[in-house]
Amino acid sequence: MRIKNFLVAALLSCGSAFGQVNDFTTPLHLLQSQYETPYGALTTEKIKEDLDRVFHFLDASTPAKVIDGKTGKELKDLSKMDENTRLQQGSFRLASYEWGVTYSGMLEAAKATGDEKYFKYVQDRFKFLAEAKPHFIKQLDQYGVIDPQMRQMLKPHALDDAGAMCAAMIKFEQNKPNFDLRSVIDNYMNYIMYKEYRLADGTFARKRPQLNTLWLDDMYMAVPAIAQMGRLTGDMKYFNEATRQIKQFTQRMFVPEKGLYMHGWVESSDQHPAFFWGRANGWALLTMAEVLDVLPLSHPDRPWLLQQFKAHVMGLSKLQSKEGFWHQLLDRNDSYLETSATAIYTYCIAKGVNQGWLDPIAFGPVAYHGWSAVSTKINAQGQVEGTCVGTGMGFDPAFYYYRPVNVYAAHGYGPVISAGAEMIRLLKQFHPRLNDSAVQFYKEEQTYPSPIFSVSSRKGDVPAGSSRKGNQPVVFLIGDSTVKNGTGEGDNGQWGWGSFFDQFVKTATVENHALGGRSSRTFITEGLWEKVYNEIKKGDYLLIQFGHNDGGPLNTGRARASLRGIGEEVESVVMAGTGGEEKVYTFGHYLRTYIRQAKAKGANPIVLSPTPRNVWKDGKMERMSETYALWARQVAEQEKVPFVDLNDIAAKKTEALGETKGKSLFFDAAHTNKEGAILNAEAVTEGLRALKGTDIQKYLK
């Protein structure tokens, strides 16, 4: 993304010449805001740098080795394991739910960046765990002991042990590895589906801190893995179970007026103090995003799930802080700003925009600001700061307010990697720009240099002055469809000569601002000239060619006609379309307007007669020698500016080909095909080379 910064200091200096800065001397709306979080300056390159820094920290902090517990030396031959053998300890656990989230994030980063090291990180550790599995089973059978991480994988006893790891392994399984993950996946899924504790209606529950308690966290600890299993097997029972669980959690725990989920629900309680803990809401939102990603489009619960996802996003978006973070307790602004929840929301909202679930205009900036915040918490070592440590359930605010934060809280790393990956996708798909000092999302890249600009509804428009390179001049083209037809890319096989004129120009840039259907009059009245005029600078060139559309009615239909001739006649008409009054001038008057205003800016206007029409008589093309070609010449002579008789030059070149070949260069009576447009561009160039009193020749090839 390119965002041009405008030096308000220079503007301020203009006012200081009068000894003061005020509303009269300075455009105060362009003063730069003093943001604490970076604003409006994201690039895919910078995001990748942040992700790489996190990666290198994690890669070094999570060894995949088996060691002798007594000597601390690596044991490479696992058949020699004994009761003292264990996994080498790193900073994080290889089989925890937090690392299941991290593995999923690494896979996302690999796809978004194309960098294989992220994929290899997951592959190496999953291969290690899969190949170590039978040896640790044997260790448990023979000695009755086992490394706690391997016990978690082989003998899960909670959703925390199973769901996130299972989901990540199923995602990786799509790559068909040459090692056994399926038995591990099936073991996890068997626990989730058939052994985890549930309420009477089948909702996943816990017996702590109270009997029959729902933890919002458990939506994520089980449901995405179930949905992924549906994707892996094609069995609809998994998709049905996934949406059923989300519905039953939502019925009990979602507070519609807030658009948020409470953290906990206890079956025996008639009323529940609602604590809207940030990361738990993140797990809920992440669950819905992951299920939507794999749920068949035809599934009957998909419309409900999508609507619930949107409702949750809306509730969360309202509570984003001015710094881009969300609070530990979402609706309590005096609770601290928390990183892991912010990263999860950023990922889910960016994914929603990328997938078309969310409106990019409304929610793209939310994700954008969220990542801007998260990136400030990635320190020089690649550690993620500001993440709340593991958190149980409480029913008073102090419990949540005073939860510690720590760079070794593993919950932050997977969400940060996932968020960065999804933001890279977002910036590749959309084009954020500062407009009136606010981040706005655009489907097409906006290259207008102005800090406040209007978005064109016409594809192919070139922002005036956007091609300028240093001190080189710009050659501006204005005119009708014979200069630029449609978008200028051969719409319906029709081309204007301006689409090829840059091929004949060197050391200057060409900007084609012509627009089909416009006359010398409507190019002004529709504001098209103003956009060009605002960006014309001293030394630029302006090529003016009108005449094809200057006939017809003055105030009905397309109402684009100018008065005939070059005099100063004027006629007031009531416009049929609006009922408003407009003064209509002669063709010559409008040409003089372009010429005089361009000269006032120090630019060099050059008048061209219209291109010839595809009308023949006795092997010769019809000339406009008594109308618009004549009037264009007369105005140029009056204003003492160069004139190119394009009408005659192009006609002679076409006639030289013969009438049959000449007619084949046209699409209809006026518009040319590609070959005809190139011929006209050559004619323009020949006419410019022959001019006297101008130095445009030095910019021509």
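Not counting sequence neighbours, the partners of D695 by the salt bridge (charged side-chain N to carboxylate O under 4.0 Å, His left out) test are K698. Partners of S562 by side-chain hydrogen bond (donor to acceptor under 3.5 Å, both in side chains), not counting sequence neighbours, listed by chain and number: D550. For N354, the side-chain hydrogen bond (donor to acceptor under 3.5 Å, both in side chains) partners two or more places apart in sequence, or in a different chain, are E422. Considering only residues two or more places apart in sequence or on other chains, S481 meets the side-chain hydrogen bond (donor to acceptor under 3.5 Å, both in side chains) condition with H671. Take N22 and apply the side-chain contact (heavy atoms from CB on, under 4.5 Å) test, not counting sequence neighbours, and it matches Q20, F24, T25. R613 is linked by a side-chain hydrogen bond (donor to acceptor under 3.5 Å, both in side chains) to nothing, counting only residues two or more places apart in sequence or in another chain. F500 meets the ring-ring contact (aromatic ring centres under 6.0 Å, His included) test with W495; sequence neighbours excluded.
At a cut-off of 3.5 Å, with distance as the only test, no side-chain donor of T522 or T525 sits close to an acceptor on the other residue. Counted by atom type alone, S418 and E108 present zero donor-acceptor pairs between their side chains at under 3.5 Å.
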Show me the donor-acceptor pairs within less than 3.5 Å that the side chains of residues 355-366 make with the rest of the protein, sequence neighbours left out.
residue: Q355; atom: NE2; partner: D293; partner atom: OD1; Å: 3.1
residue: D359; atom: OD1; partner: I361; partner atom: N; Å: 2.7
residue: D359; atom: OD1; partner: A362; partner atom: N; Å: 3.4

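Residue pairs meeting the salt bridge (charged side-chain N to carboxylate O under 4.0 Å, His left out) criterion with at least one member in residues 585-611, sequence neighbours excluded: E568-R592, R596-E639. Residue pairs meeting the ring-ring contact (aromatic ring centres under 6.0 Å, His included) criterion with at least one member in residues 595-646, sequence neighbours excluded: F587-Y628, Y628-W631. Residue pairs meeting the ring-ring contact (aromatic ring centres under 6.0 Å, His included) criterion with at least one member in residues 679-701, sequence neighbours excluded, are Y541-Y699. Among residues at least two apart or in separate chains, side chain to side chain donor-acceptor pair (under 3.5 Å) pairs with a member in residues 679-693 are K653-E686.
Aromatic rings from F441 and H431 are positioned such that their centres are separated by 6.0 Å or more.
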Handout entry: Working for ring-ring contact (aromatic ring centres under 6.0 Å, His included), residues F546 and Y594
Key = CA-CA 11 Å; F546 289 100; Y594 300 123; 5.5 Å; yes
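Residues E535 and K531 are not paired through a salt bridge, judged by the lack of any N-O separation under 4.0 Å between the basic side chain and the carboxylate. Between R518 and E526 a salt bridge is recorded (basic side-chain N to carboxylate O distance below 4.0 Å).
Taking a 6.0 Å sphere around NZ of K620, one finds it holds 12 or fewer heavy atoms contributed by other residues, nucleotides or ligands.
Paired with L679 under the rule side chain to side chain contact (heavy atoms under 4.5 Å, CB included), one option of L657, T672, T611 passes, and it is L657.
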